[in-house]
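Below is one structure, written out as structure tokens; comments come after it.
Read the numbers this way: they start at 1 and go in the same order the structure lists the ligands and their atoms. Remember, it's a predicted structure, so these values are computed and weren't measured experimentally.
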Amino acid sequence: MIPKPSVMLSSEAIAARVRELGAKITQDYKGRHLVLVSILKGSFLFAADLARAIDLEDVRIDFLGLRSYGSGTESSGVVQITHDLTFPVENKDVLIVEDIVDTGLSMQYLLDNLATRKPSSVKICSLLHKPARTRVAISIDYLGFTIEDKFVVGYGLDYAEKFRNLPYIGVIES
Ligand code: 5GP
């Protein structure tokens, strides 16, 4: 049995930060046609909360499923699309909603892939960033929290598909 993860970021702290990010995004995209692209599976809770914190008339939401190959908790940068967008994003303002930028390899793949679809702009909103493990520098336009180099779970993030339903971001103590 894996012990219950200890709290790194409480659900209250996350909710407060999501409200701030939503307010900033609302301000920045006023009068524009925003497409939120939630990266599955990890960002499903973050995207659901963030979408409700954005007060704009024209917000569309789509999902892009990614599977990143690697050994255990290491990302390799080899990424497979498991679920594609359901509508074109050409000439749209795309905001990628991601759970965590770790090495940056998955995000680089995603940026390259989305660029081929000719959106008018692409920005990144990530709940978490682990700068200690950067391999490709990614400029994150809207960032929830910078965290230390620990493997985190909860609020959408998993360990072997478990813990996605935890309402907080936690760490499995070994
Ligand atoms: P990157 O390609 O930036 O190294 O990794 C991105 C993906 O790896 C994230 O979208 C996430 O799915 C997974 N990942 C990276 N760090 C963590 C972590 O601490 N916990 C969990 N659960 N997944 C992580």
Would you call Lys24-Asp28 a salt bridge at under 4.0 Å N-O?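 Answer for the salt bridge query: yes.
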So does Asp84 pair up with Arg117, basic N to acidic O under 4.0 Å?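 A salt bridge links Asp84 with Arg117.
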Show which atoms of ligand 1 fall inside a sub-4.0 Å distance from at least one heavy-atom site of [X].
| X | value |
| --- | --- |
| Leu157 | 20 (N), 21 (C), 22 (N), 23 (N) |
| Glu98 | 10 (O) |
| Lys150 | 19 (O) |
| Thr103 | 1 (P), 2 (O), 3 (O), 4 (O) |
| Ser106 | 1 (P), 2 (O), 5 (O), 6 (C) |
| Asp158 | 21 (C), 22 (N) |

Within less than 4.0 angstrom of ligand 1, does Gly104 place any heavy atom? yes
Report yes or no: does Tyr159 have a heavy atom closer than 4.0 Å to ligand 1?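 No.
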Heavy-atom nearest option to atom 19 (O) of ligand 1, drawn from Lys130, Arg67, Arg135, Met107: Lys130
Test of understanding: with side-chain hydrogen bond (donor to acceptor under 3.5 Å, both in side chains), list the residues that count as partners of Ser139, not counting sequence neighbours.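 Counting only residues at least two positions away or on another chain, Ser139 forms no side-chain hydrogen bond (donor to acceptor under 3.5 Å, both in side chains).
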With backbone taken as N, CA, C and O and side chain as the heavy atoms from C-beta onward, which portion of Arg133 lies under 4.0 Å from ligand 1: side chain, backbone, both, or neither?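 None of Arg133 does.
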At under 4.0 Å between heavy atoms, is it the side chain or the backbone of Asp99 that contacts ligand 1, or both, or neither?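 Looking at Asp99 and ligand 1, just side chain atoms fall under 4.0 Å.
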Count I, L, V, M, F, W, Y as connected when their side-chain heavy atoms are under 4.5 Å apart, and connections chain through other members. Are Leu143 and Leu95 then in the same cluster? no
Can you tell me how far apart CZ (Phe63) and CG (Leu40) are? Round to the nearest 0.5 Å.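 That separation rounds to 6.0 Å.
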For Ser120 and Asn91, indicate whether the former's side chain and the latter's backbone hold a donor-acceptor pair under 3.5 Å.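 Answer holds: yes.
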Please check this pair: side chain of Arg135 against backbone of Asp102, looking for a donor-acceptor N/O pair closer than 3.5 Å.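 Checked: no pair found.
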Single hit among Ile140, Ile96, Val79, Ile39 for side chain to side chain contact (heavy atoms under 4.5 Å, CB included) with Met107: Ile96
